[in-house]
Amino acid sequence: GRLIACHAGLDAKGSLNAQLEGLKKRQLFNEALLEERGRYFAFSARQAVEPLHPELKTNDKDKLPAEAYLVSGHHGYREVTAKGYRIICDNSGGHADMLLEAVILPSKPLKFVSDARKKKKKEI
């Protein structure tokens with residue numbers, strides 16, 4: 001599989017290829033990245049970008065692996081869904097007084113490592 005890392009996720013109802021193309025080319029005004037009111041899905045439509053994009057899932061619910069891991073932050077919490085293929089890693093929510101986190105792949109179980117100054121680790 002492949003790894004897709006983006007700010008908050010991908011719009012689950014939009015075209016996967018159109019969104020990836022806009023992100024790769026850094027086209028800030030690509031229509032695939034904007035909702036009707038001209039705002040970015042990643043910033044204003046949290047529920048639209050939380051799930052694993054359906055085009056990344058396999059047709060067989062029990063078949064692994066999925067087409068890709070989708071990793072993002074932005075949401076202010078940590079969650080692993082879609083049998084581990086959708087990873088949201090952002091307990092800090094952008095607040096300077098909170099710990100910055102990262103995901104270490106491809107280790108299993110997934111390891112979330114908080115800022116080294118606090119020396120906290122949690123495995124899921």
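Values below: all heavy atoms of this structure, side chains included; hydrogens, waters and symmetry mates excluded.
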Checklist line | Residues in side-chain contact (heavy atoms from CB on, under 4.5 Å) contact with Asp11, at least two apart in sequence or another chain | finding: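 Only Lys13, Gln19, Phe41, Ala48 meet the side-chain contact (heavy atoms from CB on, under 4.5 Å) criterion with Asp11.
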
Notebook entry, point to check: How would you list, by chain and number, every residue that makes a side-chain contact (heavy atoms from CB on, under 4.5 Å) with Leu23, sequence neighbours excluded?
Noted result: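 Applying side-chain contact (heavy atoms from CB on, under 4.5 Å) to Leu23 gives Cys6, Leu10, Leu33.
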
To the nearest 0.5 Å, tell me how far [X] [atom1] sits from [Y] [atom2].
X     : Y     : atom1 : atom2 : answer
Ile87 : Ile4  : CD1   : CD1   : 12.0 Å
Arg86 : Glu79 : CZ    : CD    : 8.5 Å
Ser72 : Ile88 : OG    : CD1   : 5.0 Å

Ignoring hydrogens, what is the shortest heavy-atom contact between [X] and [Y]? Give both atom names and the distance.
X     : Y      : result
Leu56 : Arg2   : CD2-NH2, 3.8 Å
Asp90 : Gly73  : CB-CA, 3.6 Å
Cys89 : Glu101 : SG-CB, 3.6 Å
Pro51 : Ala12  : CG-CB, 3.8 Å

Below 3.5 Å, can you tabulate the donor-acceptor pairs from side chains in residues 25-32 to any protein atom, sequence neighbours excluded?
| unit_1 | atom_1 | unit_2 | atom_2 | d |
| --- | --- | --- | --- | --- |
| Lys25 | NZ | Glu21 | OE2 | 2.9 |
| Gln27 | OE1 | Asn30 | ND2 | 2.9 |
| Asn30 | OD1 | Ala32 | N | 2.8 |

Note to self: Is it the case that the side chain of His75 and the backbone of Tyr77 share a donor-acceptor pair, with hydrogens and angles ignored and the cut-off at 3.5 Å?
What the structure shows: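 No, because the side chain of His75 does not come within donor-acceptor range (under 3.5 Å) of the backbone of Tyr77.
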
Margin query: Would Val71 and Leu3 count as a side-chain contact (heavy atoms from CB on, under 4.5 Å) here? Give the steps.
Written below: CA-CA 7 Å; Val71 181; Leu3 172 68; 3.5 Å; yes

